[in-house]
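Quick notes on the structure that follows.
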Amino acid sequence: TQVAANFGAMAQITTFLRNSFRRRSAPPRSRDFNPERVKENSPRSEGKRTERTSLNYTGGQFFEYLVVVSLKKKVSVDDYQPEITYQFPKRENMLKFQKEEEERLLKAIPLFCFPDGNVWAPLTEYQSETFSFVLTNVDGSRKFGYCRRVLPAGRGSRLPLVYCIISCLGCFGLFSKILEDRSEEH
């Protein structure tokens with residue numbers, strides 16, 4: 001049931017992200033962030049027109065991966081090893097170099113989510129924390145990891161897990177808010 005609850009929370013985050021960033025109209029042709037001035041009627045303004053700024057990212061995907069990283073006990077010792085227990089999306093039909101790059105990325109993520117993975121022990125209470133990391137490729141391109149480490153719902157001692165969003169966008173405040181809002185519902 002604990003595993004089902006964790007996957008339920010990830011399904012909620014995935015659905016939230018997917019629905020939040022669907023385009024409702026044809027996107028602009030720009031390849032970068034494009035702040036558009038949008039005028040709309042606000043119910044609170046009682047008929048007055050108000051302006052709001054919305055950001056549309058048209059240069060690519062809003063995020064590349066959404067993963068859950070959990071600690072798994074090593075067979076031979078009392079240490080724990082971080083590993084990805086949920087991944088969205090699962091990519092198929094990639095070229096060889098794309099697959100190799102994905103494998104390198106997916107091997108690195110757990111180590112950044114739990115850099116101290118071998119010193120954890122099951123806990124009954126844990127103060128959730130939000131953090132980020134940056135992975136830099138040989139060509140200088142960067143991928144940002146936005147993480148929220150939480151103690152899953154349940155009774156008794158349990159190990160924390162990390163919800164992590166990987167994106168090429170440097171938007172710590174936005175991704176932190178998404179993770180905080182969604183991880184509280186797990």
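We use all heavy atoms of the structure for the numbers below, so side chains are in, but hydrogens, waters and symmetry mates are not. When a residue number appears, it is its place in the shown sequence, counting from 1.
Rounding to the nearest 0.5 angstrom, the gap separating the CG atom in L179 from the SG atom in C147 is 7.5 Å. To the nearest 0.5 Å, atom CD of residue Q98 and atom CD of residue E100 are 10.5 Å apart. For the atom pair CD (Q81) and CG (L111), the distance works out to 8.0 Å, reported to the nearest 0.5 Å. Rounded to the nearest 0.5 angstrom, I84 CD1 and K107 NZ are separated by 11.5 Å. Rounded to the nearest 0.5 angstrom, F114 CZ and S70 OG are separated by 7.0 Å. Atom-to-atom distance recorded for R91:CZ and E102:CD is 6.5 Å, nearest 0.5 angstrom.
Under the 4.5 Å side-chain heavy-atom criterion for ILVMFWY residues, a single connected hydrophobic cluster contains both V134 and L169. Connection of M94 to F88 is not established within any shared hydrophobic cluster, with ILVMFWY side chains joined at heavy-atom distances below 4.5 Å, either directly or through further cluster members.
Open room surrounds CD on Q127; 12 or fewer heavy atoms of other groups in view lie less than 6.0 Å from it.
By the 4.5 Å heavy-atom criterion applied to side chains, I109 and V67 are counted as neighbours. Side-chain contact check for K72 versus Y80: every heavy-atom pair is 4.5 Å or farther apart. For the pair L106 and Q87, the minimum side-chain heavy-atom distance is below 4.5 Å. You'll find the side chain of C164 stays beyond 4.5 Å of the side chain of L66, heavy atoms only. Residues L151 and R158 meet the side-chain proximity criterion, which asks for heavy atoms closer than 4.5 Å. The shortest side-chain heavy-atom distance between K99 and K96 does not fall under the 4.5 Å cut-off. Here the side chains of E129 and V150 are not in contact, with every heavy-atom distance at 4.5 Å or above. Looking only at side-chain heavy atoms (C-beta outward), F63 and I166 stay at 4.5 Å or farther from each other.
Heavy atoms only, all atoms of each residue included: R149 and C113 are closest at NH2-O, 2.6 Å. Taking both residues in full, the closest heavy atoms of T124 and S157 are given as CG2-OG, 3.6 Å, listed atom of the first, atom of the second, then distance. Contact between Y146 and S132 at its shortest, heavy atoms only, is CD2-CB, 4.1 Å. Of all heavy-atom pairs spanning L159 and A121, the tightest one is CD2-C, 3.7 Å.
Below 30°, between 30° and 60°, or above 60°: for W120 and Y126 the angle between ring planes is above 60°, a perpendicular geometry.
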Yes or no on side-chain contact (heavy atoms from CB on, under 4.5 Å) for L135 and L105, after CA distance, side-chain angles and deciding distance?
-> CA-CA 8 Å; L135 299 171; L105 177 66; 3.2 Å; yes
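Between the side chain of S167 and the backbone N or O of F62, at least one donor-acceptor pair lies under 3.5 Å. In this structure, the side chain of D139 engages the main chain of S141 through a donor-acceptor pair within 3.5 Å.
At least one cation-pi condition fails for R148 and F175: the charged atom is not both under 6.0 angstrom from the six-membered ring centre and inside a 45 degree cone around its axis.
With sequence neighbours excluded, the residues that form a ring pair (Phe, Tyr, Trp, His ring centres under 6.0 Å) with F133 are F112.
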